[in-house]
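Chain letters run A, B, ... following the sequence lines, proteins first and then strands; every chain starts at 1.
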Amino acid sequence: MPYGIGILKGMMVTMANFLRKPSTVQYPETRLKQHPRFRGEDFVWYEERCTGCASCAKYCPLGIIKIVTSGSGSQISEGEKYKLETFDIELARCMFCGLCVEACPYDALHLGSGFERARERKSDLVIPLEELRSSPKRPSTWFRPQLEKKNHNPFEGQTITWSDVARPAIQDPDYEDMGKRWVDDR
Amino acid sequence: MESNNIFNFLKDFFNFLPPSLSWLNYIISGFILTFAVANVLLITTALFTYMERRVLARFQSRLGPNRVGPFGILQPFADILKLITKEDIRPTAADRFIFFLAPIVLVVPVFLLLAVIPFGKNMYIVNLNIGALFIVAVTTIAALAIFLGGWGSGNRFALLGASRAVAMLISYEVPMILALVGVVMLSGSMSLVDIVEAQRLPFILLQPIGFFVFFLAATAEMNRPPFDLLEAESELVAGFHTEYSGTKFALLYLAEFAEAVVFAGIFATLFFRGWQNPFVPQDWFQFFPSIIWFFLKMIFFLFIFIWIRATLPRLRIDQVMSFAWKVLFPLSLINLILTALLVTIWPEPSTIELWLMVIINLAVGLLCLVLFTRFLEHNRIKPTQSVFLATKQGGQ
């Protein structure tokens, strides 16, 4: 084979790349679409659903969620909840494992879908209660199959209210059917 | 000098000076012409750095700088502004004078080269009758400047890069000159203005081997990839300009890119008919401004430099040296002998004879390609063979 054929082949490969459309996207103007299950940098929290039980804080492996509550009276009756005074999530140390979201018994805390929470000071990386209250409610569908069933996509600008994020009520299981299926699967 | 359009225009413009001051007229017009051409080179170089970054980015499926100004065209000026405002650091181990001298010695020859290149019809600074020799002589100064920089830095990486550069540049000087001789023999003149006008057919057709050799040797001369091993960043930090910063670094950078621009102009002049149209007979397309042809050819060659940079990996020093002495040097000798024979047989070739010369040259070029392939294949130690040798020696 004559000398230089390999070089010419290589040149053609780079030329094919040159004629291709560049794969770079100009970020602030055009944004890539993320998957709805994308784990964002922020959290979505529904005050209406939260009882202040602090399960999220207990399950957090890094201990970065700080919850301070005060009792709402001498005796809590049904439907009442603790009064939240502080709910800080320190993002600087968060590893976005999502254990707090998994732990929440009332589906009040969700992973968010944003990725633009870069700040100049480390102290600004703490999400305070006010921001959790006021931030747009665009939860990621990570660990929330009920949102996926509703075809919720936070990257298309959809917000979702507190009454729609709940998982469906558990129906009484059909024990006979369950046992049969278990036997069949074996 | 009588047919130099711009110079005569300027001299006519300053005719209001009294006859006793005609020397002043001469100096002023000469200074204005030189100043303008040098600045055009500076601007072209700045735009070439922009072009290189954009085109290289496209080769790598990126976009490249596109934020400063429209399409990012002000990026080189932002770069220069940044480099000028940087601190000028000189290592304590450096030789103060030589360290300061190297960037200047590197930049000046590049601008000197521009003096002999005709960039349009009757547009040049000086019609030097030894223009080709001048090019060869002036490009050699770069080796000296690089060694000054490497030695003066007081840095081992810089010295290593510089010594590599000297070995490589001097080796590639030889085939480059010999390839240039073929062009000179065909045109019968060393003046670049005459060489352009002598090209009834572009010399790339009459000198395919010569062009191949000259192109590769010049690529090595201007330290562009794949021959950029004097600043191989994976081995030596940055080669001879490791210790340079600020304005001095900007000068070294400028010299590197300006040399590429000037050499693109030299290729266009020597092998692609300079300011004339590239392929059809000489008297066609007279209405088209000659300077535009020249710049189009320059951009074409600059694009090829970038294309090569995007494709080929850097060579090892032994590969570079053996390529110069075992491939380019014999090829340039073959080209020299062939051209000498053809010029002796047909001193005043007609059009048919000219095309016959083209066919003979291409045939010999192809033959050389096949022969050198066999030679290189024969000399290469195959992996299995080397393993066999190693085990045999180890066993004994």
Problem - Aromatic plane relationship, B:Phe271 with B:Phe214 - under 30° parallel, 30 to 60° tilted, over 60° perpendicular - result: tilted
Handout entry: chain A contact via B:Leu63 - which portion, at a heavy-atom distance below 4.5 Å
Key = both
Practice task
Report yes if the distance between the aromatic ring centroids of B:Phe215 and B:Phe267 is under 6.0 Å, otherwise no.
Solution key: yes
Fill in the blank from the handout: If you tally heavy-atom pairs under 4.5 Å between each of A:Gln26, A:Arg20, A:Lys21 and chain B, the highest tally belongs to A:Gln26
Handout entry: Per-residue contact mode, B:Phe303 against chain A (heavy atom under 4.5 angstrom)
Key = side chain
Completion exercise
Most heavy-atom pairs under 4.5 Å with chain A, out of B:Leu312, B:Ile308, B:Leu56, B:Asn66, belong to B:Asn66
Practice task
Consider only side-chain N and O atoms of A:Thr161 and A:Asp164, and report whether a donor and an acceptor are under 3.5 Å apart.
Solution key: yes
Problem - Proximity of A:Phe155 and A:Phe38 rings by center, below 6.0 Å - result: yes
